[in-house]
Amino acid sequence: YGATVLSPLLPELLQRYPKLEIELDLADRLVDLVAEEVDVAIRFGKLANSSLIARPLTRLPIVLVASPAYLAGHGIPQHPTELTQHQCISTSSCGPDKFWEFQQHGESLLVPIQGPLHTNSNRAAKPAVLNGMGLMFVTRYQVEEELQAGLLVPVLADFMPVPLPVHLVYPH
């Protein structure tokens, strides 16, 4: 998110505020803002209770995607429960038990998944999905170019969870 969405905004910000100095740390970990003397951070998902001030920035839609080749060879799932018969490329965001959460009639639907690859990075998982190895559950901005180019296809759009909240957080 930092490299794709935030960093393109920095030149204009720095031009507008020429005395501002930015140290952009794109670490994918929970930072202790006070202990590490960090002024602001971007947090995804439901926020933990804390003494930090939080400002909502946006909400990121989630998509389930696969390559046209994978879908041609394995079929297009019509319901999330059918994913137990598919190869799912999972990331650490799905949790240690490897479940994906969907919505059906406004209620949460947890579906166990399996597949040939589990990684802590959506960017690392994307080549496997592009090469027809399975399906991937991901925030849409991470695959927007591939969707526009037809290299990936969204699946089960009617069952997607609520968009992922994104907040700017900072200490008092």
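- Leu64 is not connected to Val143 by any chain of hydrophobic side-chain contacts under 4.5 Å among Ile, Leu, Val, Met, Phe, Trp and Tyr, and they are in different clusters.
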Leu130 vs Glu146, test: side chain to side chain contact (heavy atoms under 4.5 Å, CB included). Steps then yes/no. CA-CA 9 Å; Leu130 287 166; Glu146 293 82 1; 3.9 Å; yes
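- Judged by distance alone, the side chain of Lys126 and the main-chain N or O of Gln142 form a donor-acceptor pair under 3.5 Å.
- Under the 4.5 Å side-chain criterion, counting only non-hydrogen atoms from C-beta, Met133 is not in contact with Tyr70.
- Pro112 has its side chain within reach of Thr84: a pair of non-hydrogen atoms, C-beta onward, lies under 4.5 Å apart.
- Proximity of Arg43 to Leu57: side-chain heavy atoms (C-beta onward) are nowhere separated by under 4.5 Å.
- Looking at heavy atoms from C-beta onward, Phe99 lies out of side-chain contact with Ile113 at the 4.5 angstrom threshold.
- The closest side-chain heavy-atom distance from Leu24 to Leu26 is below 4.5 Å.
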Is there a side chain to side chain contact (heavy atoms under 4.5 Å, CB included) between Val40 and Val169? Walk through the geometry before answering. CA-CA 6 Å; Val40 297; Val169 295; over 6 Å; no
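- Within 6.0 Å of CD in Gln104 there are more than 12 heavy atoms belonging to other residues, nucleotides or ligands.
- Summarising the local packing, CZ of Arg59 is surrounded by more than 12 heavy atoms from other residues, nucleotides or ligands at distances under 6.0 Å.
- Looking at His167, its side chain never comes within 3.5 Å of a backbone N or O of Ile42 through a donor-acceptor pair.
- Put simply, Val65 and Ile76 are part of two different groups of oily side chains (I, L, V, M, F, W, Y) that touch within less than 4.5 Å, one to the next.
- Checking Gln148 against Glu144 by side-chain atom types alone, a donor-acceptor pair falls below 3.5 Å.
- Ring geometry, Phe137 versus Phe102: the interplanar angle falls from 30° to 60°, so the pair is classed tilted.
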Working note: His74 + Gln85, criterion side chain to side chain donor-acceptor pair (under 3.5 Å); need CA distance, chi angles, decisive distance, verdict. CA-CA 9 Å; His74 295 86; Gln85 305 304 312; over 6 Å; no
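- Considering only heavy atoms from C-beta on, Met136 stays 4.5 Å or farther from Trp100 through its side chain.
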Apply side chain to side chain contact (heavy atoms under 4.5 Å, CB included) to Val138 and Val129, showing your working. CA-CA 11 Å; Val138 64; Val129 177; over 6 Å; no
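- Side chains of Leu156 and Glu82 form no contact here, defined as non-hydrogen atoms less than 4.5 Å apart.
- The pair Glu36-Arg29 meets the salt-bridge criterion, since a charged nitrogen lies less than 4.0 angstrom from a carboxylate oxygen.
- Using a 4.5 Å heavy-atom threshold, the side chains of His86 and Gln114 count as separate.
- Glu21 contributes no side-chain N or O that, together with a main-chain N or O of Lys19, makes up a donor-acceptor pair within less than 3.5 Å.
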